[in-house]
Chemist: 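Can you read through this structure? Questions will come right after.
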Amino acid sequence: MNFSNTVKEEIIGKPIKDKCCKKAFLAGLMRGNGKLFSRGEYLGLDFYVYGENTAILAANFLSSVYGYEIREMSTTYRKDKKEKFVISIFGDKAAEILKDLNILTVDGEDTAVNLNIFSGVCEKECCFRAFFKGLFISVGNITVPDEESSLNTGYHLELVFSHYAPALLASEKLSEFGVTTKITRRKDNFIVYIKSAEEIKNFIAFVGAPVSVLKLTERMINREVSNNSNRQANCDLGNVNRQIEATEKHLAAIKKLKSSGEFDKLKPELQKTALNRELYSDDTLSELAERMNITKSCLNHRLRKITEFANKDQG
Ligand SMILES: [Zn+2]
């Protein structure tokens, strides 16, 4: 299961008891992706949720808070096979519900969508939490780096809004609760987002999913461990590459000395070292030193002398 769904399942798995919070949760759900429509004289609203559990929860709340029984629910499947439930509320009750949730404001003949998303439904902290639970389930998404994959994807959480004002309100409210977010524009939408893993944890904790916070922490640790071992491996590889480069330099110097006839002018121990370097060109410095029964620093010193001699000859 992707991490978003893990968080959403955890949110849904916890009962919301107070009526104030049930309303706020419904408002968050409907605000997220609800679409108003009119059918004859009636106003209605379609909104969708993914997964049977969420659909049942939404239907339960509509029934227990407003005595509204869902009559229409259609389903489609997404690519990842999670079922999408489109919930329609319409009829006399629909306008009442939408007004009570302050999604619609009515001024005489005029009805308008109220962009002040919290007004009338959120006063207490419990309700803000519930609102963001609903909103996150509706239009929230989290991407976290895959533990196994070496792809360097970062941490990302977002809530998608179709208007700027509610995005700003949400961002400001979250910061009051200790969650720092940013806002950006993507096509026609406004995205409230977080890039820091720590802030994502703050958000997840705020919407009441502590098990998911732990899971995310665990992932971060595993990722750090695997990053560190990658760095170690890269470092080892760097050493090997440097050794190969050094050996090639030594071999080139020896070859040059031989072809210029200068080789015989080397001291005997340097000649012996040069011949061994050529003969055992795959040896590391340590291996070659051991083979020659000298220390690594002694070998290094001799090889440096050989290279210097070859270069001096050139100059
Ligand atoms: Zn409440």
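Residues: numbered from 1 along the sequence shown. One-based numbering, in listed order, for ligands and for the atoms of each.
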Chemist: Among side-chain atoms of Asn102 and Ser119, is any donor-acceptor pair under 3.5 angstrom?
Modeler: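 Indeed, the side chains of Asn102 and Ser119 share at least one donor-acceptor pair under 3.5 Å.
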Chemist: Could you tell me which residues satisfy side-chain contact (heavy atoms from CB on, under 4.5 Å) with Asp92, sequence neighbours excluded, listed by chain and number?
Modeler: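 Asp92 satisfies side-chain contact (heavy atoms from CB on, under 4.5 Å) with Tyr42 once adjacent residues are dropped.
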Chemist: What count do you get for protein N/O/S atoms less than 2.8 Å from the Zn ion (ligand 1)?
Modeler: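 Of the protein's nitrogen, oxygen and sulfur atoms, 4 lie under 2.8 Å from the Zn ion (ligand 1).
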Chemist: Which heavy-atom pair separates Phe37 from Asp46 by the least distance, and what is that distance?
Modeler: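 Reported closest heavy-atom pair: CE2-OD1, 3.4 Å.
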Chemist: Hey, can you tell me if Phe177 and Phe128 have their rings parallel, tilted or perpendicular (30° and 60° cut-offs)?
Modeler: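 Ring orientation of Phe177 relative to Phe128: tilted.
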Chemist: Using residues 157-164 as the side-chain source, report each donor-acceptor pair under 3.5 Å to any protein atom, sequence neighbours left out, with the distance given to one decimal.
Modeler:
{"from": "Glu158", "atom 1": "OE1", "to": "His156", "atom 2": "NE2", "distance (Å)": "2.9"}
{"from": "Glu158", "atom 1": "OE1", "to": "Arg186", "atom 2": "NH2", "distance (Å)": "2.7"}
{"from": "Glu158", "atom 1": "OE2", "to": "Arg186", "atom 2": "NH1", "distance (Å)": "3.2"}

Chemist: Which residues satisfy the side-chain contact (heavy atoms from CB on, under 4.5 Å) test with Glu96, sequence neighbours excluded?
Modeler: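 With neighbours one apart ignored, the set is Lys93.
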